[in-house]
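First up is the structure itself, then whatever we jot down about it.
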Amino acid sequence: MLVGTYNSSIVFASVLIAALASYTTLQLASRIATLQRGSVRRRWLAGGACAMGLGIWSMHFVGMLAFSLPIPLGYDPALTLLSLAIAVTVAYFALDLVTQADLSHRRLGISGILLGLGIASMHYTGMFAMRMAPGIEYDLGFVVLSIAIAIAAATAALWIAFTLRHDALQYVRLRRIGAALVMGIAIAGMHYTGMYAANFPAGSICGAASDLSLNWLAVTILVITLNVLTVALVLSVLDSRMERSATRFTRSLQYQATHDALTGLPNRYLLSDRVHHAIERSARAKTQFALYFIDLDAFKAINDSLGHSVGDQLLKAIADRLRQAMRKEDTVARIGGDEFVVLAEELAGFGAAVNVAEKVLAAFKTDIELPSSRIRTSPSIGISLYPDDGTTIDTLLSHADAAMYEAKASGRNAYRFFEEAMNIANKRAIEIQQGLHHAIESAQLFLQYQPKWDCRHRTLLGAEALLRWHHPELGLVSPAEFIPAAEQSGQIIAIDLWVIEQVCRQLIAWRDAGLAPIRIAVNLSRINFRSPALVDEITRITDRYAIDRSMLMFEITESVAMQNAEATKETIERMQQAGFDLAIDDFGTGYSSLSYLQQFSVRQLKVDRMFVSSLCADDSKAASVVAAIINLAHALDMEVVAEGVETEAQLTILRTLSCDAMQGYLLAKPLPSADFANLLQRAGRDNSPAVTAD
Ligand code: C2E
Ligand code: MG
Ligand code: MG
């Protein structure tokens with residue numbers, strides 16, 4: 001029996017090579033684990049398998065170099081290559097396995113056995129490549145033990161590589177070095193157990209001694225292996241670093257695209273995404289979720305008065321409060337200036353949705369402490385529920401928005417759940433609001449003239465200019481509907497001035513057509529009447545058209561007149577000094593102070609249609625009220641105009657009560673300017689300043 005001896009420092013080197021190969025494998029595995037299936041991954045797997053296979057294989061040959069027999073040794077090139085091929089092949093499958101998303105115990109077990117058998121067969125093929133004659137006698141017990149060690153080592157190595165495949169783990173480098181040492185010792189242990197199983201009978205000859213000299217072969221392999229392992233290691237480390245910084249960069253871009261820069265909250269884009277997923281989840285699980293559209297009350301005023309930086313601080317503070325008030329799984333997003341949206345999922349019914357709304361309201365109950373000031377603000381909250389109020393992102397958001405407008409209209413600092421009726425009303429309100437922007441330029445506005453008659457003689461006294469709007473989609477919109485909207489948005493200022501200008505042009509056109517001069521009444525909105533520039537604006541227009549100021553009369557409603565009676569008195573005086581007469585419109589619908597009424601000394605009092613319509617022969621009470629108004633007006637030296645006279649009976653009563661003038665459908669509806677011109681023409685033909693109605 002030939003007795004083999006071992007060079008201990010080369011044995012040590014072989015263990016180190018096994019450890020280095022293991023470390024490289026772990027590093028490669030972490031790189032490959034980040035790759036999607038495809039050609040890039042396959043290339044990395046192939047490269048990694050070469051490095052790992054070569055590593056294990058060369059460990060085997062360095063181990064052989066540590067071993068010497070008292071006869072010359074060599075290796076058969078074909079069998080040697082075969083053993084290398086086996087090593088690379090098993091390495092490929094091992095790497096592929098540990099870089100998958102999951103690894104079941106069953107798969108780990110089976111793969112461990114296959115990899116272990118692969119390594120063992122590489123070893124014994126390598127031994128066979130010595131072509132010993134007579135053949136090597138193996139001790140079966142140790143052979144089995146070496147295979148068992150190979151399987152155990154392979155299974156452990158697979159499991160370690162799988163668990164350490166993510167770079168983000170804590171102390172990952174240190175753990176990989178430790179694991180690589182353990183793996184290296186296990187692989188080397190298999191080799192030396194296998195060697196221990198081999199007995200070389202006395203007189204054995206190595207048939208391959210002349211093929212490849214062991215020393216020469218081992219040194220070459222060692223150099224190649226070290227190179228390959230180092231290159232693989234450096235490449236994989238560099239590549240994962242690049243990958244990591246690219247990932248970081250992509251993540252930061254992604255963050256910026258999906259978050260609001262000021263508050264760090266998700267933006268509209270991310271919100272849509274979350275709502276989209278909420279819809280999918282809720283549809284599957286048949287659950288409800290709610291969207292809360294939150295708009296801050298009076299944020300614009302804070303921004304304008306305290307400056308934008310305070311506004312920004314406030315928004316940030318509110319973002320924090322909302323985030324704290326909500327559950328972790330809810331989304332709080334900012335989708336516009338002072339608009340926030342909360343998405344609350346998996347709500348157990350309507351009560352839960354109410355609770356969330358109360359929580360949002362409560363978040364605003366205390367002052368917000370800012371570096372420069374303390375501010376208290378309130379929210380208006382509109383709520384839409386999935387699936388009741390909509391099943392798409394757009395409808396849910398627009399319904400929550402509509403409900404928010406209702407909350408604002410109801411006096412703010414409140415929440416409202418969406419109702420179908422809101423939708424229709426709101427859509428129309430929004431269309432009107434938006435349409436008003438181009439109503440003037442697009443020539444959609446025009447005037448009609450409702451004649452005013454003398455009650456006793458039914459002769460034409462003048463007319464009231466009434467505004468009409470032909471909306472491209474909604475058709476004719478009543479001023480009762482669009483004037484309040486125009487007042488809200490401030491557009492009424494331009495509209496009223498446009499009406500005055502239009503009336504001036506019309507007066508000139510009629511004059512140029514040879515028609516008798518006639519006095520036109522123009523309605524003034526509250527906003528214009530309160531504007532300090534009012535008298536200047538009106539005189540500028542009338543002067544431009546060289547209109548006799550007494551041809552215009554202005555109507556203000558009773559409620560506007562009484563709202564700030566002192567200011568009203570002043571404005572009326574200035575208007576009268578400038579030569580314009582005034583009328584108090586819709587009299588009887590508000591609360592009048594008789595003392596102010598006396599001080600105003602306007603020219604006309606217009607009795608509201610409400611009183612006129614209740615006038616009929618057998619209702620003496622209504623007649624008494626109207627009689628009282630007429631007497632009061634006459635006592636204050638004012639003319640009385642009855643509005644909305646629709647029947648002869650009403651006119652008869654008005655006449656007996658000494659009402660001065662009237663307007664109403666009985667004698668004429670508001671007329672297009674051409675029709676009114678015809679009426680005027682007849683007045684001219686009759687050579688009288690007024691005309692009798694048909
Ligand atoms: P108002 O100034 O009291 O105008 C009288 C309203 O009564 C007009 O309604 C007129 O068409 C209507 N009317 C007249 N006779 C009868 C009748 O016999 N029966 C009935 N049922 N109604 C009658 P309109 O044109 O819809 O105007 C509504 C209100 O809109 C006006 O009330 C006025 O406050 C405002 N408005 C109209 N034009 C203007 C304008 O140019 N500027 C401003 N600021 N407000 C205007
Ligand atoms: Mg009027
Ligand atoms: Mg009126």
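Atoms within each ligand, like the ligands themselves, are counted from 1 in listed order.
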Checking side-chain polar atoms at under 3.5 Å, does [X] have a donor or acceptor matched by the opposite partner on [Y]?
X: Ser309; Y: Asp312; result: no
X: Gln444; Y: His471; result: no
X: Gln663; Y: Gln450; result: yes
X: Arg468; Y: Ser478; result: no

- Task: Look at the side chain of Arg376 and the backbone N and O of Ile368, then say whether any donor-acceptor pair between them is shorter than 3.5 Å.
- Result: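 Not a single qualifying donor-acceptor pair exists.
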- Query: Who are the residue neighbours of ligand 1 when the rule is a heavy atom under 4.0 Å from any of its atoms?
  - Reply: Gln450, Glu464, Leu466, Leu467, Arg468, Pro479, Ile483, Asp496, Val499, Asn523, Leu524, Ser525, Glu555, Asp585, Asp586, Arg609, Glu643, Gly644, Val645, Glu646, Gly664, Tyr665, Pro670
- Message: Does Lys669 qualify as a cation-pi partner of Tyr665, given the criterion of NZ or CZ under 6.0 Å from the six-membered ring centre and within 45 degrees of its axis?
- Response: yes
- Task: Could you list the residues that satisfy side chain to side chain donor-acceptor pair (under 3.5 Å) with Ser525, not counting sequence neighbours?
- Result: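 With neighbours one apart ignored, the set is Asp496.
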- Message: Working note: Thr366 + Arg321, criterion side chain to side chain donor-acceptor pair (under 3.5 Å); need CA distance, chi angles, decisive distance, verdict.
- Response: CA-CA 11 Å; Thr366 53; Arg321 284 208 176 174; 3.2 Å; yes
Extract all donor-acceptor atom pairs below 3.5 Å that involve side chains of residues 581-591 and protein atoms in other chains or at least two apart in sequence.
from	atom 1	to	atom 2	distance (Å)
Asp581	OD2	Arg519	NH1	3.3
Asp581	OD2	Arg603	NH1	2.9
Thr589	OG1	Asp586	O	2.7

- Which protein N, O or S atoms does the Mg ion (ligand 2) have within a distance shorter than 2.8 Å?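 For the Mg ion (ligand 2), the protein N, O and S atoms that sit under 2.8 Å away are Glu464 OE2, Asn523 OD1, Glu555 OE1, Asp585 OD2.
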